[in-house]
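Below is one structure, written out as structure tokens; the observations come after it.
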Amino acid sequence: MWFLLALSAGSVPAHAQKPELLDPRVTQSTVVDTICRPGYADDVLPPFDTLQRQKQQLLSQRHVDPQSASDYALDHRMPILLGGSPTAAANLDIRRWDGRAGQRRKERLAVFLKRCVCTGDMPLAAAQAAMSGDWPNRFRNLSSPTCTGG
């Protein structure tokens, strides 16, 4: 299926788009010891207070009304589950929780792609490319995805 996902990515090359978004410790040869290891994301994420400060700073920069702050999540542009940097400022953004391009949906896609990488059904670079760009329109149906395309 990784081939099908890569094809659905259109013009997105089968490699991560921006090195500044990535954690250099995560490569195809290290996935077993990094993203596929239980607890990996918890181990590499900064403390909750730090994440909250980063979110508040981004909300302020984007002039989001503080009353609406709970409608937004701190987003890692390249998810940590797919080798995104947990600390690089370039990898941080805010994203609304709901909607086709919402954080809930993005997290579901990241978990699915991570599973495909960890089972060996998809290379890490293909998963990163699939998550780059216009993923909300490329992955319209996440109700029953499979890594095998069957």
Side-chain angles (χ1 to χ4, degrees), residues 1-62 64 69 72-142 145-149:
M1 172 142 175
W2 71 266
F3 179 72
L4 295 174
L5 288 171
L7 284 177
S8 72
S11 63
V12 177
H15 58 82
Q17 301 301 305
K18 298 178 181 174
E20 65 270 16
L21 304 182
L22 301 178
D23 184 339
R25 299 171 293 190
V26 181
T27 65
Q28 185 64 48
S29 63
T30 66
V31 294
V32 170
D33 296 320
T34 57
I35 65 170
C36 299
R37 180 177 49 82
Y40 168 77
D42 292 335
D43 289 345
V44 299
L45 272 172
F48 180 77
D49 292 345
T50 301
L51 296 171
Q52 283 301 104
R53 278 194 305 276
Q54 291 167 322
K55 177 184 172 184
Q56 291 304 320
Q57 182 180 21
L58 288 166
L59 288 167
S60 178
Q61 288 172 358
R62 303 273 175 21
V64 174
Y72 292 85
L74 181 64
D75 174 41
H76 287 85
R77 289 180 171 124
M78 179 57 62
I80 293 168
L81 294 178
L82 297 176
S85 172
T87 57
N91 198 33
L92 296 176
D93 202 357
I94 54 172
R95 178 178 300 276
R96 292 190 68 86
W97 278 106
D98 294 327
R100 176 185 288 277
Q103 189 67 14
R104 283 184 183 89
R105 198 160 181 271
K106 183 176 181 183
E107 288 177 5
R108 183 172 180 181
L109 177 58
V111 168
F112 164 69
L113 293 172
K114 174 195 165 213
R115 189 186 86 222
C116 294
V117 169
C118 294
T119 59
D121 291 322
M122 178 185 295
L124 176 63
Q128 290 172 337
M131 185 55 82
S132 298
D134 191 19
W135 62 266
N137 287 318
R138 287 196 314 260
F139 299 97
R140 293 178 188 269
N141 183 1
L142 289 175
T146 66
C147 296
T148 59

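With contacts defined as side-chain heavy-atom distances shorter than 4.5 Å, the pair Glu107/Pro79 does not qualify. At a threshold of 4.5 Å between non-hydrogen side-chain atoms, the residues Leu109 and Leu113 count as touching. Residues Arg62 and Asp93 have side chains in contact (heavy-atom distance under 4.5 Å, counting atoms from C-beta outward). Inter-residue side-chain proximity for Leu22 and Met78 is flagged as met; some heavy-atom pair is nearer than 4.5 Å. Side-chain contact check for Arg77 versus Leu92: every heavy-atom pair is 4.5 Å or farther apart. Residues Arg37 and Asp43 are in side-chain contact: their nearest non-hydrogen atoms beyond the backbone lie under 4.5 Å apart.
For the residue pair Arg96 and Tyr72, the shortest heavy atom distance occurs at NH1-OH, 3.1 Å. Shortest non-hydrogen contact noted between Glu20 and Ala90 is CG-CB, 3.7 Å. Taking all atoms of both residues into account, the shortest heavy-atom contact from Pro86 to His76 is O-NE2, 3.4 Å. Heavy atoms only, all atoms of each residue included: Leu82 and Ala110 are closest at CD2-O, 4.1 Å. Thr87 and Pro46 get closest at one heavy-atom pair: CG2-CG, 3.8 Å. Of all the heavy atoms in Ile35 and Ile80, the pair that sits closest is CG2-O, 3.6 Å.
Taking CZ of Arg53 as the reference point, atom CG of Leu74 lies at 12.0 Å (rounded to 0.5 Å). With rounding to the nearest 0.5 angstrom, the CE atom of Met122 is 14.0 Å from the NZ atom of Lys114. Atoms CG and SG, from Leu124 and Cys116 in turn, are 12.0 Å apart once rounded to the nearest 0.5 Å. Between the CE atom in Met131 and the CG atom in Leu81 there is a gap of 8.5 Å [rounded to 0.5 Å].
Without hydrogens or angle criteria, Asn91 side chain to Ser85 main chain gives a donor-acceptor distance under 3.5 Å. Thr34 places no side-chain N or O within donor-acceptor distance of the main-chain N or O of Val26, the cut-off being under 3.5 Å. Judged purely by atom type and a 3.5 angstrom limit, Arg95 uses its side chain to pair as donor or acceptor with the backbone of Ala101.
Listed by chain and number, the residues in a salt bridge (Lys or Arg N to Asp or Glu O under 4.0 Å) with Asp49 amount to none (sequence neighbours excluded).
In this structure, a donor-acceptor pair under 3.5 Å is absent between the side chains of Gln52 and Gln56.
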